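Notes follow once the structure below has been shown.
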Amino acid sequence: MTVRTRFAPSPTGYLHVGGARTALFSYLFARRHGGQFVLRIEDTDLERSTAESVNAIMEGLTWLGLDYDEGPFFQTERFERYQQVVDDLLERGLAYRCDCPKERLDRLRDTQMAAKVKPRYDGHCRGREIDPEQPHVVRFKNPVDGAVIVDDLIRGRVPFANTELDDLIIRRSDGSPTYNLTVVVDDADMAITHVIRGDDHLNNTPRQINILKALGHEPPRYAHVPMILGPDGKRLSKRHGAVSVVSYRDNGYLPEALLNYLVRLGWSHGDQEVFSLDEMIALFDISDVNTAASAFNVEKLDWLNQHYIQHGEPKHIARLLSPHMGELGIDPAEDGPELVDVVMAQAARAKTLKELAAISAFCYRDFEDYDEAAAKKHLRPVARPALEGLRAELEMLALEDWEPETLHRVVERVAEELELNMGKVAQPLRVAVVGRAASPGIDVTLQLVGKDATLRRIDRALAFIDARAANA
Ligand code: GLU
């Protein structure tokens with residue numbers, strides 16, 4: 001048997017982290033078993049489905065690198081097929097037309113509610129002949145007794161009594177098919193062997209199994225993934241901040257970090273925290289997924305993101321960093337240092353690419369203001385001789401000597417001449433060229449900033465010191 005899984009989002013919004021985790025689990029399961037992963041867009045809700053949302057979902061999947069083998073299939077392109085199936089069920093007496101007016105259904109519901117029983121259709125039209133030309137819906141004839149056992153790969157055996165399930169509508173009065181029908185037809189037609197989805201669908205599963213059986217299909221295996229909770233213990237949603245996958249990209253997260261984070265939400269392998277995609281594929285087993293909901297924890301995601309920034313291939317990180325520099329109006333290809341050198345110097349200092357861009361802007365353009373505390377501490381009149389000495393020496397350096405070793409020696413020499421320790425020279429210089437008291441080693445920092453900008457910024461620092469002294 002070839003394993004076939006699917007991701008079946010309804011395009012009524014962006015791809016959120018919960019959906020992405022479901023997609024990831026389905027993807028990993030298919031890859032692990034050498035199977036296929038299918039993308040199906042469940043766009044039958046014409047009012048809420050949008051093309052932008054389809055694009056946003058695909059954009060999210062592409063960014064995460066969750067490539068699908070087949071699809072996207074669109075349910076709106078399969079209406080004829082659904083009609084065929086409903087007609088066939090009608091013909092075989094496994095479904096029936098119902099013209100119960102709304103008032104009757106409302107009354108039924110009210111009576112049931114008053115009697116404290118679960119509202120359900122009473123099968124009134126089961127044996128009635130209804131003119132197909134008159135307005136009606138079509139209902140599935142659910143078995144009236146017995147039970148459906150959902151043998152879930154995550155939750156184990158979950159029994160449902162058929163008396164709990166009513167004859168659900170499979171075709172609306174406007175002729176459109178309903179969710180439970182389309183899912184079943186598609187899962188059967190697409191030869192899906194494993195349905196991995198959110199556990200909000202668990203209650204649909206016995207209904208879907210009954211329909212599948214009526215159609216003469218062996219139901220697939222099901223795995224219902226528990227939900228993701230926000231820090232307050234409630235289902236993760238927009239209220240908790242960014243939940244769209246693409247917003248993580250825009251905020252400077254690496255796809256490998258988000259994937260790694262998502263796979264660990266509800267799944268573990270010993271105490272290993274870091275997984276490459278290949279390792280996930282080799283190790284992931286859907287039956288190891290927890291039954292309990294998992295809580296979204298941004299600190300852990302940040303930790304993983306920092307890990308991948310620091311240990312990733314610098315060229316790869318530079319490629320991902322480039323648009324974040326662009327956001328700051330910097331085009332690293334234009335002039336200034338190679339972005340990959342900036343990455344190598346700075347990778348340990350940032351949790352996100354956005355932060356990395358912000359703390360690296362000084363390599364490409366003059367900063368606006370000094371960090372107040374850093375300037376107060378290091379740009380004082382006592383630092384003047386050091387900065388002047390440095391300026392004189394640095395100015396004389398030939399461009400080909402503008403490299404860490406020589407630069408380091410210059411700073412060292414100036415410190416020696418003034419009988420100051422290195423810090424007393426390097427810190428004012430750092431604040432002068434970076435605007436802050438933190439940066440890579442001073443030699444690497446100067447190299448990244450370049451000669452012209454270094455001299456210009458030292459002049460600016462000297463002027464700043466004088467202006468402060470004059471105002472004091
Ligand atoms: N379209 C459904 C949703 O987005 C998923 C259906 C399924 O996976 O069976 O919630």
Side-chain angles (χ1 to χ4, degrees), residues 3-30 36-61 66 68 70-79 82 85 140 148 150 152-155 158 160 168 170 176-212 215 217 219-228 235-238 243-245 262 266 286 289 293:
V3 164
R4 285 173 59 87
T5 63
R6 65 1 177 235
F7 178 50
S10 305
T12 55
Y14 42 68
L15 177 64
H16 54 85
V17 290
R21 184 185 57 158
T22 307
L24 173 63
F25 285 179
S26 302
Y27 168 89
L28 292 176
F29 191 81
Q36 285 125 25
F37 175 54
V38 176
L39 176 62
R40 179 169 84 220
I41 305 291
E42 304 206 319
D43 55 350
T44 52
D45 184 340
L46 299 177
E47 264 168 31
R48 295 178 60 226
S49 302
T50 64
E52 294 83 68
S53 168
V54 173
N55 290 340
I57 290 169
M58 310 253 269
E59 191 184 359
L61 290 175
L66 298 180
Y68 35 90
E70 287 176 27
F73 296 111
F74 291 84
Q75 290 192 321
T76 43
E77 289 172 9
R78 291 176 43 79
F79 271 46
Y82 306 134
V85 172
F140 173 67
V148 186
V150 179
D152 192 273
L153 288 165
I154 296 174
R155 308 177 54 126
V158 190
F160 291 86
L168 85 154
I170 53 177
S176 63
T178 59
Y179 161 71
N180 280 299
L181 190 271
T182 57
V183 167
V184 158
V185 174
D186 287 352
D187 285 341
D189 285 357
M190 295 170 193
I192 300 303
T193 59
H194 294 77
V195 168
I196 299 171
R197 62 183 171 194
D199 67 0
D200 47 332
H201 286 291
L202 183 60
N203 286 331
N204 287 319
T205 305
R207 302 170 180 283
Q208 294 180 8
I209 291 177
N210 282 336
I211 304 176
L212 276 165
L215 293 174
H217 288 287
R221 295 300 307 270
Y222 291 91
H224 288 92
V225 179
M227 61 178 157
I228 302 176
R235 188 188 198 96
L236 186 70
S237 74
K238 269 190 240 167
V243 285
S244 112
V245 162
L262 291 176
I286 191 76
V289 171

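Just follow the structure's listing: the first ligand is 1, and inside any ligand the first atom is 1. Owing to the predicted nature of the structure, the values given are computational and were not obtained by experimental measurement.
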Q | Identified side-chain hydrogen bond (donor to acceptor under 3.5 Å, both in side chains) partner of Y82 from the options T44, D186, T182 | A | D186
**Q.** Residues that R6 engages under side-chain hydrogen bond (donor to acceptor under 3.5 Å, both in side chains), provided they are two or more places apart
**A.** D187
Q: Establish, from distance only, whether the side-chain atoms of R4 and S26 form a donor-acceptor pair under 3.5 Å.
A: no
Q. Mind checking whether F29 and H194 have parallel, tilted or perpendicular rings, split at 30° and 60°?
A. tilted
(Q) Within the 4.5 Å heavy-atom criterion, are F7 and F37 side-chain neighbours or not? (A) yes
Q: Over 60° means perpendicular and under 30° means parallel, so classify the ring planes of H224 and Y222, tilted if in between.
A: parallel
For ligand 1, what N or O to protein N or O distances fall under 3.5 Å?
from	atom 1	to	atom 2	distance (Å)
ligand 1	1 (N)	A8	O	2.7
ligand 1	1 (N)	S10	OG	2.9
ligand 1	1 (N)	E42	OE1	2.5
ligand 1	4 (O)	S10	N	3.2
ligand 1	4 (O)	S10	OG	3.2
ligand 1	8 (O)	R6	NH1	2.7
ligand 1	9 (O)	R6	NH1	3.4
ligand 1	9 (O)	R6	NH2	2.8
ligand 1	9 (O)	Y179	OH	3.1
ligand 1	9 (O)	R197	NH1	2.7
ligand 1	10 (O)	H201	NE2	2.9

